[in-house]
Amino acid sequence: MVSKLRPVRGTRDTWGEEARRATHVVDCFRSVCERYGFGEISTPIFEFSEVFRRTLGETSDVVSKEMYTFEDRGGEEITLRPENTAGIARAYVSEGMQQYGVVKLYAFGPMFRYERPQKGRYRQFHQLDVEIIGAAEPEADVELIGLAQTLLEDLGIAGRVHLELNSLGDSESRAAYRGALTKYFKTFQKVLSEDSRARLERNPLRILDSKDEGDRQLLEKAPHMSDYLNAASKAFLERVRAGLDEIGVAYKINDRLVRGLDYYTHTAFEFMTTDLGAKGTVIGGGRYDALIGQMGGPETPGTGWAAGIERLAMLIAELPALRRPIAMIPLGDAATLKASAIAYRLRGKGWYVITAFRGNLKKRLARAAKNKARYAVILGDNELAKGVVTLRDLDSEEQKEIKLAQLETELTAEP
RNA sequence: GCGGGUGUAGCUCAACCGGUUAGAGCACUAGGUUGUGAUCCUAGGGGUUGCGGGUUCAAGUCCCGUCACUCGCCCCA
C-alpha cells in the first residue's frame, strides 16, 4: 500500500454496517435524552489548551502525553478535545447559563487522545455525553443513571451490562481516605509494584485498580472508602441508593471504584460488561462539583457521564431492519432516460428508490434482490411504447403490467 | 512511552526442508440472444508476499531494521 494512502494510526474509516450501528446508537441516545428533557449542545472539537489544562491540572504529565496539542497559524495553543465535559463546562460559563439554574445537556461526537491503540480504544473515538449542571441534589445522579439504563434497554443490551456504584465523598472525606490509604501503603512500600510506588506519590487512589497480583493481595486489607465518608457524604450516597432502588435499577457497591482527579466528588459509577476484552467499562460517570470552580468559573455543582459509541455499537446484537427500497430497472436507452425521471419523482415524494443501470435483466434483478428491494419497476422500450411499467413483487415473484400513471397508487396500496 | 504476537488478493486462508510462472474459496465484473432473482457453466480484473536491507546459485519462507495491525501494561480527563 502506498505509504500515506491509509488512515493515520489510531483512526479508522467507518462505513457499511459499522456506520449503521453507530448511527443507531446515536439515534437511540437522542431519543432517550429528549424523553428525559435534555437539550442538545454541540461544542467545538478543539478548545484553547488552557481549558483542558485547568481542569486536569497543569502538572499532570499525562496531560501533555495524551493530548493532541498544536499551535495554530495565529499562534494560539489549541487542543483537540479529549473528552466533552470540559468543553461543556466552558460553554456553561461562556454562554452565561447560570441564569437558567439547572441545565441538562446532551452531546456526542469525536474525541481525541494520543495513546497506543488497542481493542476498542482509538485515537479518534466517539462518545455520547450527558451533563446536569447546577444541581447539587443526589436526584440528579439518579436521573442520569436512569437515563443510562433506559438507553441500554432501548439498545437491547441492558442484560449484558451491570452497574457498579461508589462514593468518593466530599473533599473532606476524600482527603481523609487518601491519607489513610497512603499511610497503609507506605508500610508496604517495599513490596508494592513499581507502578504502584509511583502512584503512591502521585495518585494513591489509583492503586485500587492495580492489576499487579501482589498489589491486589495488599488491597484486601487496605482501608475502605466507605469507612471514611463523613455524615454528609454518607447521606448523599444513601439518597442516591434510595433513588435507584425506587426506580428499580440494580447496582453493586464497589468501593474500589475510583476517579483519579480531585474535582470528582460523591457519586462515581460505571456500567460494565465482560463481553469486550480487558477494559469493560461501557458507560462511566459521576459527580464533579469542584470542576467548574477549578476552571475559573463560579462554583457550580455538576454531574454527568460519557459512553463510547464504538463500544455500545459492538454490543448490539441486531440492528433494526432497513427500509426496503424500490428498484428501478430500465432496459434500453430511452427507458433509461425515462426511469431516471420516474425515480426522481418518486424520491421527491418520499419513496426509497435505487436504480440499476448496468448488466442484463438477470443481473439487475439479482442486484435488486441483494439490496433487499421490495419491488422492481421494470421499464423496457416495449413498456415505454405502451405507457406502462412492469411492477414485480420481489417476495412473491408475481408481476403485473400497470399504467405508468398508476405506479404511485399501486405502490401505496401495497406497501 | 514499555512488552508479547502477527503481516501473502477486498475477506478467510494455502504454498513441504529455502527451489523455478505465489494458489484456492468467498466477494466483485462480464458473458451464457437487450426480458426475469437460485443453482450452474465460461471468462476476467485484482498481489512489488507491508516496506528497506542482508545471507544464498535461489527468499513469501532465514537474519536485521522499519512500518502497520493486534493483545496487554502505563494512563484513562
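Residue numbering restarts at 1 for every chain, and letters A, B, ... go by the order of the sequence lines. Computed from heavy atoms alone, side chains included, the values below leave out hydrogens, waters and symmetry copies.
In this structure, CZ of A:R113 is placed 14 Å from C1' of B:rC74, rounded to the nearest angstrom. Taking atom CZ of residue A:R90 and atom P of nucleotide B:rA77, one finds them 21 Å apart after rounding to whole Å. Atom CG in A:D13 sits about 15 Å away from atom P in B:rG10, given to the nearest Å. In this structure, A:M328 places its CE atom 19 Å from P of B:rG37, rounding to the nearest Å. A:L361 has its CG atom 15 Å from the C1' atom of B:rG32, to the nearest Å. Spacing between atom CH2 of A:W15 and atom P of B:rG10 amounts to 12 Å, rounded to whole angstrom units. Rounded to whole Å, atom P of B:rA77 lies 16 Å from atom CD1 of A:I88. Spacing between atom NZ of A:K363 and atom C1' of B:rC41 amounts to 11 Å, rounded to whole angstrom units.
Counting any heavy atom pair closer than 4.0 Å across all strands shown, A:R81 reaches no nucleic acid atom. No engagement by A:Q127 is indicated, since no non-hydrogen atom pair under 4.0 Å with the nucleic acid exists. At the heavy-atom level, A:A86 lies nowhere under 4.0 Å from the strands shown. Using a 4.0 Å heavy-atom criterion, one finds that A:T85 contacts no nucleic acid atom at all.
Both A:N360 and A:E398 lie close to RNA chain B; mapped to their nearest nucleotides by heavy-atom distance, the more 5′-ward contact belongs to A:N360. Comparing A:D395 and A:Y114 by the nucleotide of RNA chain B that holds the closest heavy atom to each, the one mapping nearer the 5' end is A:Y114.
Between A:R81 and A:E47, none of the side-chain N atoms (NZ, or NE/NH1/NH2) sits under 4.0 Å from a carboxylate O, so this pair counts as no salt bridge. A salt bridge is defined here as a Lys NZ or Arg NE, NH1 or NH2 lying under 4.0 Å from an Asp or Glu carboxylate O, and A:E77 with A:R53 meets this definition.
OP1 or OP2 of B:rC73 has at least one side-chain nitrogen or oxygen of A:K211 nearer than 4.0 Å. For the OP1/OP2 pair of B:rA77 and a distance below 4.0 Å, the side-chain nitrogens and oxygens of A:R206 include at least one atom meeting the criterion. Residue A:R259 has no polar side-chain atom (N or O) positioned under 4.0 Å from OP1 or OP2 of B:rC76.
Stem list for RNA chain B (at least 3 consecutive Watson-Crick or G-U pairs, distances under 3.5 Å): B:1-7 with B:67-73, B:10-13 with B:23-26, B:28-32 with B:40-44, B:50-54 with B:62-66.
Interface remark: the A:R392 side chain does form a donor-acceptor pair with the B:rG37 base, using a distance-only criterion of under 3.5 Å. The base of B:rU36 is not paired with the side chain of A:E397 by any donor and acceptor separated by under 3.5 Å.
When distances run from any side-chain atom of A:D195 to the nucleotides B:rC74, B:rU36, B:rA77, the shortest one goes to B:rC74. Comparing B:rA77, B:rU36, B:rG37 by their closest approach to the side chain of A:A369 singles out B:rG37. You'll find that the side chain of A:I378 is closest to B:rU36, out of B:rU36, B:rG37, B:rA30.
Of the possible donor and acceptor atoms, one in the side chain of A:R256 sits under 3.5 Å from a partner among the backbone N and O of A:L219. Of the possible donor and acceptor atoms, one in the side chain of A:R311 sits under 3.5 Å from a partner among the backbone N and O of A:T281. Side-chain atoms of A:R21 come within 3.5 Å of backbone N or O of A:A313 as a donor-acceptor pair.
Residues meeting the salt bridge (charged side-chain N to carboxylate O under 4.0 Å, His left out) test with A:E40, sequence neighbours left out: A:R30. Residues satisfying the salt bridge (charged side-chain N to carboxylate O under 4.0 Å, His left out) test with A:E172, not counting sequence neighbours, are none.
Judged by the 6.0 Å and 45° rule, A:R324 forms no cation-pi pair with A:Y352.
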Give every donor-acceptor pair under 3.5 Å between a side-chain atom in residues 129-136 of chain A and any protein atom, sequence neighbours left out.
{"unit_1": "A:E131", "atom_1": "OE1", "unit_2": "A:Y288", "atom_2": "OH", "d": "2.6"}
{"unit_1": "A:E131", "atom_1": "OE2", "unit_2": "A:T85", "atom_2": "OG1", "d": "2.9"}

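Taking the P atoms as reference points, B:rA15 lies 29 Å from B:rG72, given to the whole Å. For the P atoms, the distance from B:rA30 to B:rC69 is 35 Å, rounded to whole Å. Comparing B:rU49 with B:rA59, their C1' atoms are spaced 11 Å from each other, to the whole Å. Comparing the same atom, C1', in B:rC26 and in B:rG32 gives a spacing of 22 Å after rounding to whole Å. Taking atom P in both B:rG44 and B:rA38, one finds a spacing of 22 Å when rounded to whole Å. Taking the P atoms as reference points, B:rA9 lies 26 Å from B:rG4, given to the whole Å. Atom C1' of B:rU55 sits at a distance of 27 Å from the matching atom of B:rA14, rounded to the whole Å. Look at the P atom in both B:rC17 and B:rC62: the space between them is 11 Å, to the nearest Å.
Using modelled atom types and a 3.5 Å distance limit, the side chains of A:S193 and A:D212 yield no donor-acceptor pair.
A salt bridge (charged side-chain N to carboxylate O under 4.0 Å, His left out) check over residues 183-193 of chain A, counting only residues at least two apart or in different chains, returns the pairs A:K186-A:E201.
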Between the protein and nucleotides 66-70 of chain B, list the N/O to N/O atom pairs that are separated by less than 3.5 angstrom.
{"unit_1": "B:rC69", "atom_1": "OP2", "unit_2": "A:R9", "atom_2": "NE", "d": "3.1"}

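Between A:L181 and the options A:I207, A:L208, A:L200, a side chain to side chain contact (heavy atoms under 4.5 Å, CB included) holds for only A:L208.
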